[in-house]
Protein chains: 2
Amino acid sequence: MNDQIMSIGMVKELTGLSERQIRYYEEKQLVFPARTKGGSRRYSFEDVKKIQEIHRKLKEGYNTYELKIKSRRQSNVI
Amino acid sequence: MNDQIMSIGMVKELTGLSERQIRYYEEKQLVFPARTKGGSRRYSFEDVKKIQEIHRKLKEGYNTYELKIKSRRQSNVI
DNA sequence: CGTGTAAGGAATTCTGACACG
DNA sequence: CGTGTAAGGAATTCTGACACG
């Protein structure tokens with residue numbers, strides 16, 4: 001949770017996605033990168049995995065809203 | 001070896017050292033950060049540990065040359 | 001020797017917006 | 001809806017150098 005250490009540039013390299021895509025997933029509340037004092041995003045490896053998963057699901061036909069609901073369900077499992 | 005993903009800014013935060021110190025240890029061949037296409041340094045958590053170790057040793061009185069020799073010895077252990 | 005700092009430039013990242021479909 | 005892109009600005013990082021001790 002506190003190991004958000006890489007820039008969007010690294011995430012871009014690791015995932016092959018565009019900055020636009022990566023930022024959009026945050027806009028839709030699917031990932032929550034930390035921020036530096038200056039305002040730059042900082043991601044963890046967990047976030048990278050999540051981002052790749054999101055992209056996969058989108059290609060499968062899901063939309064960001066459905067993915068948000070789904071991740072909420074996961075968190076609420078008892 | 002391929003997990004060099006954080007900027008000098010993160011290393012600075014994690015170690016409390018200055019950019020000058022962090023860069024100097026590289027200048028003295030004690031750490032070997034990767035570089036982005038643009039030329040920015042990228043460090044791994046291993047590097048961060050190494051940097052902290054270097055700083056500790058320096059405070060103990062060692063100089064960068066001795067530390068370089070020492071790390072070379074470690075690598076050559078058979 | 002190890003570190004601080006001011007200097008100027010280049011690379012990185014940010015936001016809000018318009019575009020397409 | 002998910003993504004591309006040009007725009008302008010701000011934050012980040014880089015190098016080489018002078019300084020101190």
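Within every chain, numbering begins at 1; the chains are lettered A, B, ... in the order of the sequence lines, protein sequences first and strands thereafter.
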OH/A/Tyr65: more than 12 non-hydrogen atoms of other groups inside 6.0 Å: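 Result for OH/A/Tyr65: open.
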Flag if over 12 foreign heavy atoms under 6.0 Å of CD, A/Glu19: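 Atom CD in A/Glu19 is crowded, with more than 12 foreign heavy atoms closer than 6.0 Å.
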Residues in salt bridge (Lys or Arg N to Asp or Glu O under 4.0 Å) contact with B/Glu13, at least two apart in sequence or another chain: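 Once residues adjacent in sequence are excluded, the partners of B/Glu13 under the salt bridge (Lys or Arg N to Asp or Glu O under 4.0 Å) criterion are A/Lys37.
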Looking at [options], which one has an atom nearest to any side-chain atom of [X]?
X	options	result
A/Arg23	D/dG2, C/dC14, C/dT3	C/dC14
B/Ser7	D/dT3, D/dT13, D/dG2	D/dT13
B/Ser40	D/dT15, C/dG2, C/dT12	C/dT12
A/Arg35	C/dT3, C/dT12, C/dT15	C/dT15
A/Ile8	C/dT3, C/dT12, C/dT13	C/dT13

Consecutive-pair stems (at least three Watson-Crick or G-U pairs, under 3.5 Å) that include DNA chain C: C:2-5 with D:17-20, C:17-20 with D:2-5
A/Gln4 side-chain N/O to A/Asp47 backbone N/O, donor-acceptor pair under 3.5 Å: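 Answer holds: no.
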Nearest-angstrom distance from the residue atom CD1 of B/Ile54 to P of C/dG2: 11 Å
Atom pair distance, as rounded to whole Å: NZ in A/Lys59 and P in D/dT3: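 In whole Å, D/dT3 P lies 10 Å from A/Lys59 NZ.
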Sequence-aligned protein contact record of nucleotides 4-9 of chain D, with B where the base is within under 4.0 Å of a protein heavy atom and S where only the sugar-phosphate is: BB----
Side chains of A/Lys50 and A/Tyr25 in contact at under 4.5 Å (non-hydrogen atoms):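 Counting from C-beta outward, A/Lys50 and A/Tyr25 never come under 4.5 Å.
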Contact nearer the 5' end of DNA chain C, comparing B/Lys28 with B/Gly39: B/Lys28
Closest non-hydrogen atom pair, B/Val11 against B/Ile51: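 That would be CG1-CD1, 3.9 Å.
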Electrostatic pair A/Arg56-A/Glu53, nearest N-O below 4.0 angstrom: yes
